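What follows is a set of notes on a single structure, which appears directly below.
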Amino acid sequence: MTDTQNAERSPARRRFLIGAACALAAPVASPAIARGLGDYRRLKLTNWRTAESIDCVYWIDGQYVDEALPAFDHILRDWRLDRATRMDIRLINILASVQKRLECAEAFEIVSGYRTPETNAALRRRSRGVARNSYHTRAMAADVAMKTRSVRQMARAGLTLAAGGVGIYSRSEFVHLDSGPVRDWGR
């Protein structure tokens with residue numbers, strides 16, 4: 001049996017591999033960053049539904065850390081059907097940029113990341129607020145929350161990027177960020 005097959009069959013092994021990829025990509029693991037010479041991008045995410053968290057440097061000195069990117073695909077997966085897909089790297093960059101602009105050490109809490117078309121259809125049957133052609137189904141959107149930042153603060157940070165969609169969901173206390181066309185909605 002290959003390591004990939006083992007990882008797919010064992011959730012504990014999969015979490016270990018993801019943790020190892022991000023640990024390898026952590027700032028102290030990069031000699032350039034340890035010496036203070038490197039530029040890097042880092043993203044912290046928590047998925048409370050699956051009890052998973054990552055704190056991952058995924059870009060160093062103009063290069064993506066290929067070993068780190070699957071960690072985002074996994075944690076942002078459709079948790080209802082346990083299906084992952086390659087997340088749009090522009091979304092990862094938007095999330096990291098918003099987090100950096102918020103100037104806090106807290107991870108984003110994932111409300112929703114990738115959604116399979118089946119999950120999206122089921123959610124549409126329950127709520128008028130779910131788009132038929134949602135960017136979530138294209139792996140280009142995430143709904144996120146924070147305990148130490150308000151929905152308005154998160155949205156404002158997203159809007160300053162002018163890099164995609166920013167939706168404010170004050171009642172539900174989350175912000176939608178996507179890598180689609182620049183637009184905003186909600187109050």
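For clarity, every value in this text was computed on a predicted model and none was experimentally measured.
- Looking at heavy atoms from C-beta onward, Asp61 lies out of side-chain contact with Tyr40 at the 4.5 angstrom threshold.
- Tyr169 and Trp185 share a side-chain donor-acceptor pair at under 3.5 Å.
- For the residue pair Ser127 / Arg124, no side-chain donor-acceptor distance below 3.5 Å is found, with atom types taken as modelled.
- The cluster map of Ile, Leu, Val, Met, Phe, Trp and Tyr, joined by side-chain heavy atoms under 4.5 Å apart, puts Ile89 and Val144 in the same cluster.
- Thr50 has its side chain within reach of Arg77: a pair of non-hydrogen atoms, C-beta onward, lies under 4.5 Å apart.
- The structure places CZ of Phe72 at 4.0 Å from CD1 of Ile54, a figure rounded to the nearest 0.5 Å.
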Step by step, work out the side chain to side chain contact (heavy atoms under 4.5 Å, CB included) result for Arg152 and Ser170.
-> CA-CA 8 Å; Arg152 297 217 183 286; Ser170 297; 4.2 Å; yes
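- When atom types are taken as modelled, the side chain of Lys44 and the backbone of Cys56 share no donor-acceptor pair closer than 3.5 angstrom.
- No side-chain donor from either of Thr137 and Ser134 sits under 3.5 Å from a side-chain acceptor of the other.
- Two residues are said to be in side-chain contact when any heavy atoms from C-beta on lie closer than 4.5 Å; Leu95 and Phe108 meet this criterion.
- Counting all heavy atoms, side chain and backbone alike, Gly158 lies closest to Val98 at CA-CG2, 3.6 Å.
- To the nearest 0.5 Å, the span separating CG on Asp73 from CE on Met87 amounts to 7.5 Å.
- Although no hydrogens or angles enter the test, the distance criterion places no donor-acceptor pair under 3.5 Å between the side chain of Asp39 and the main chain of Trp59.
- Hydrophobic clustering, with ILVMFWY side chains joined whenever heavy atoms are under 4.5 angstrom apart, groups Leu161 together with Val175.
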May I have the step-by-step check of side chain to side chain contact (heavy atoms under 4.5 Å, CB included) for Glu106 and Gln99, ending in yes or no?
-> CA-CA 8 Å; Glu106 182 183 355; Gln99 200 167 61; over 6 Å; no
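- The cluster map of Ile, Leu, Val, Met, Phe, Trp and Tyr, joined by side-chain heavy atoms under 4.5 Å apart, puts Val151 and Leu45 in the same cluster.
- Residues Arg115 and Arg83 are not in side-chain contact: their nearest non-hydrogen atoms beyond the backbone lie 4.5 Å or more apart.
- A distance-only check finds a donor-acceptor pair linking the side chain of Arg49 to the backbone of Val111 [under 3.5 Å].
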Report the C-alpha separation of Leu43 and Val57 in whole Å, then their side-chain angles, then the decisive distance to 0.1 Å, and conclude whether the side chain to side chain contact (heavy atoms under 4.5 Å, CB included) test is met.
-> CA-CA 6 Å; Leu43 180 58; Val57 171; over 6 Å; no
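- Side-chain atoms of Tyr58 and Asn93 form a donor-acceptor pair, as typed in the model, at a separation below 3.5 Å.
- At least one side-chain heavy atom of Leu123 sits less than 4.5 Å from a side-chain heavy atom of Arg80.
- Once rounded to the nearest 0.5 Å, the distance linking CD1 of Ile60 with CZ of Arg41 reads 11.5 Å.
- Side-chain contact between Thr119 and Tyr114 is absent, with no heavy-atom pair separated by less than 4.5 Å.
- Here the side chain of Gln153 pairs no donor or acceptor atom with the backbone of Leu102 at under 3.5 angstrom.
- The only option from Arg90, Arg138, Arg183 that meets the side chain to side chain donor-acceptor pair (under 3.5 Å) definition with Asp178 turns out to be Arg183.
- A chain of hydrophobic side-chain contacts below 4.5 Å, direct or via other Ile, Leu, Val, Met, Phe, Trp or Tyr residues, connects Leu159 to Met146.
- Remark: Leu177 CG to Ile94 CD1 distance equals 7.0 Å, nearest 0.5 Å.
- For the pair Tyr64/Leu69, a side-chain contact is recorded, criterion being any heavy-atom separation below 4.5 Å from C-beta on.
- Residues Ala142 and Leu76 share a closest heavy-atom pair of CB-CD2, 4.4 Å.
- Side chain of Asp184 to main chain of Gly167: no donor-acceptor pair is present (N/O by atom type, distance under 3.5 Å, no hydrogens or angles).
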Can Trp48 and Ile110 be said to form a side chain to side chain contact (heavy atoms under 4.5 Å, CB included), step by step?
-> CA-CA 7 Å; Trp48 56 271; Ile110 301 163; over 6 Å; no
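- Looking at every heavy atom in both residues, Leu91 comes nearest to Ala139 through CD2-O, 4.3 Å.
- With a 6.0 Å radius and a threshold of 12 heavy atoms from other residues, nucleotides or ligands, Glu173 has its CD atom at or below the threshold.
- Inspection of the Asp143 and His136 side chains reveals an N or O donor paired with an N or O acceptor under 3.5 Å.
- Contact check for His176 versus Val166: no side-chain heavy atoms found under the 4.5 Å cut-off.
- Side-chain atoms of Thr46 and Glu109 form no donor-acceptor pair, as typed in the model, at a separation below 3.5 Å.
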